[in-house]
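In what follows, a single structure is set out as structure tokens and then discussed.
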Amino acid sequence: MKLRGLYAITDSQLLAGRLLPYVEAALKGGASLLQYRDKSSDEARRLREAEALRDLCERYGAALIINDDAELAARLGVGLHLGQGDGSLAAARALLGRQAIIGATCHAQLQLAEQAASEGASYVAFGRFFDSNTKPGAPAATVELLEDAKRALNLPIVAIGGVTLDNAAGLIARGAGLVAVVHALFAADSAAEVERRARAFSDLFATK
Ligand SMILES: Cc1ncc(COP(=O)(O)OP(=O)(O)O)c(N)n1
Ligand SMILES: Cc1nc(C(=O)O)sc1CCOP(=O)(O)O
Ligand SMILES: [Mg+2]
């Protein structure tokens with residue numbers, strides 16, 4: 001699986017009552033990775049939704065990544081994203097195996113990315129690059145960091161936080177191999193609009 005392109009991330013509020021049609025639209029539009037991000041503690045719903053998303057991702061040749069929850073990722077045999085306070089990357093790698101995609105939040109710190117790489121991360125994520133509707137309090141990162149990270153690391157780099165169709169190209173030009181997007185993708189009035197946006201994000205990678 002090539003780690004490049006649009007990385008769509010779900011949001012329980014934005015996608016309430018329309019999770020599957022909107023995610024399918026993002027996949028139709030070319031999203032390469034999909035992260036199931038649900039901060040609730042409703043285990044049964046989380047399992048049900050994650051299973052449905054795994055099936056959808058399989059149909060479209062995309063990879064499903066579970067946010068925060070290594071046990072759920074292991075149960076479904078899919079990837080995992082861990083933040084700095086979400087548990088040990090090395091332990092997750094041991095649990096999920098060599099092939100699993102495991103990503104790490106590195107905020108605006110190259111040192112965190114180097115550490116994540118040494119512990120077996122498949123990609124590193126930096127952010128937030130712009131004002132974020134979804135996570136306004138996330139620490140801010142500058143685009144210069146992407147160039148430094150590109151030089152220093154031999155791993156795919158994800159840019160997250162306030163990414164839109166207007167600012168994504170600049171991040172890609174500076175070294176982001178994936179752009180992770182919630183609001184600018186899923187805050188849409190229709191599935192058709194989500195698909196249009198996903199295709200437009202994906203097209204930004206076509207010539208780079
Ligand atoms: C691709 C990607 N990058 C960063 C994050 C943020 O992870 P974290 O800091 O653990 O915050 P939560 O998303 O868990 O609130 C992410 N989820 N995905
Ligand atoms: C989940 C998350 N993590 C971030 C970080 O900087 O680590 S920013 C963010 C939210 C991304 O959503 P939107 O595309 O709506 O800004
Ligand atoms: Mg987390």
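Basis for what follows: all heavy atoms, side chains included, without hydrogens, waters or symmetry-related copies. Ligands are counted one by one from 1 in listed order, and the atoms in each one are counted from 1 as well. Residue numbers run from 1 in the order of the sequence given.
Ligand-side atoms of ligand 2 in range of Gly161: 8 (S), 16 (O), range being under 4.0 angstrom from any heavy atom. Close approach to Gly127 involves these atoms of ligand 2, each under 4.0 Å from a residue heavy atom: 6 (O). Contact atoms of ligand 1 toward Lys135: 8 (P), 9 (O), 11 (O), 12 (P), 15 (O) (distance under 4.0 Å to a heavy atom of the residue). Within the listing of ligand 1, atoms 8 (P), 10 (O) sit less than 4.0 angstrom from a heavy atom of Gly83. The Ile160 neighbourhood of ligand 1 comprises atoms 2 (C), 3 (N), 4 (C), 18 (N), with distances under 4.0 Å to a heavy atom of that residue. Interface of His183 with ligand 2, defined as ligand atoms under 4.0 Å from a residue heavy atom, comprises 13 (P), 14 (O), 15 (O). Here is the list of ligand 2 atoms found below 4.0 Å of a heavy atom in Arg128: 6 (O). Near Ala138, meaning under 4.0 Å from one of its heavy atoms, ligand 2 places the atoms 5 (C), 6 (O).
For Ala176 against Ala159, the heavy-atom pair with the smallest separation is CB-CB, 3.9 Å. Contact between Val124 and Leu153 at its shortest, heavy atoms only, is CG2-CD1, 3.9 Å. In plain terms, the two heavy atoms of Arg128 and Ala138 that are nearest each other are NE-O, 2.6 Å. Minimum interatomic distance between Ala117 and Leu155 (heavy atoms only, all atoms of both residues): CB-CD1, 3.8 Å.
Comparing Thr105, Leu33, Leu178 by heavy-atom distance to atom 4 (C) of ligand 1, the nearest is Thr105. Between Arg37, His81, Gln84, Gln35, it is Arg37 that holds the heavy atom closest to atom 15 (O) of ligand 1.
In this structure, CG on Leu33 lies 9.0 Å from CG on Leu6, to the nearest 0.5 angstrom. Rounding to the nearest 0.5 Å places OG of Ser190 at 9.5 Å from CZ of Arg18.
A salt bridge does not link Lys150 to Glu147: none of the charged nitrogens lies less than 4.0 Å from a carboxylate oxygen. A salt bridge links Asp38 with Arg45: the closest approach of a Lys/Arg side-chain nitrogen to an acidic carboxylate oxygen falls below 4.0 angstrom. For the pair Arg75 and Glu71, the salt-bridge criterion is not met [side-chain N within less than 4.0 Å of a carboxylate O].
Judged by distance alone, the side chain of Asn167 and the main-chain N or O of Gly162 form a donor-acceptor pair under 3.5 Å.
Tracing side-chain contacts under 4.5 Å through hydrophobic residues (I, L, V, M, F, W, Y), one never reaches Ile102 starting from Phe126; they form parts of separate clusters.
Ligand 2 is approached by Gly162 to a heavy-atom distance shorter than 4.0 Å.
Of all protein heavy atoms, the one closest to atom 1 (C) of ligand 1 is Tyr7 CE1, 3.5 Å. Among protein heavy atoms, the minimum distance from atom 15 (O) of ligand 2 is reached at Thr134 OG1, 2.4 Å. The nearest heavy-atom contact from the protein to atom 1 (C) of ligand 2 is Arg37 NE, 3.5 Å. In terms of protein heavy-atom proximity, atom 14 (O) of ligand 2 is nearest to Val182 N, 3.0 Å. At the shortest separation from atom 16 (O) of ligand 2 among protein heavy atoms lies Ser132 OG, 2.6 Å.
Angle subtended at the Mg ion (ligand 3) by Asp68 OD1 and Asp86 OD2: 90°, rounded to 10 degrees.
The distance criterion of under 3.5 Å between nitrogen or oxygen atoms is met by Asp86 with respect to ligand 1. Checking only distances, Lys39 does come within under 3.5 Å of ligand 1, N or O to N or O.
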- [ ] List the steps and the verdict of salt bridge (charged side-chain N to carboxylate O under 4.0 Å, His left out) for Asp68 and Lys39.
- [x] CA-CA 9 Å; Asp68 291 344; Lys39 308 296 283 187; 2.6 Å; yes
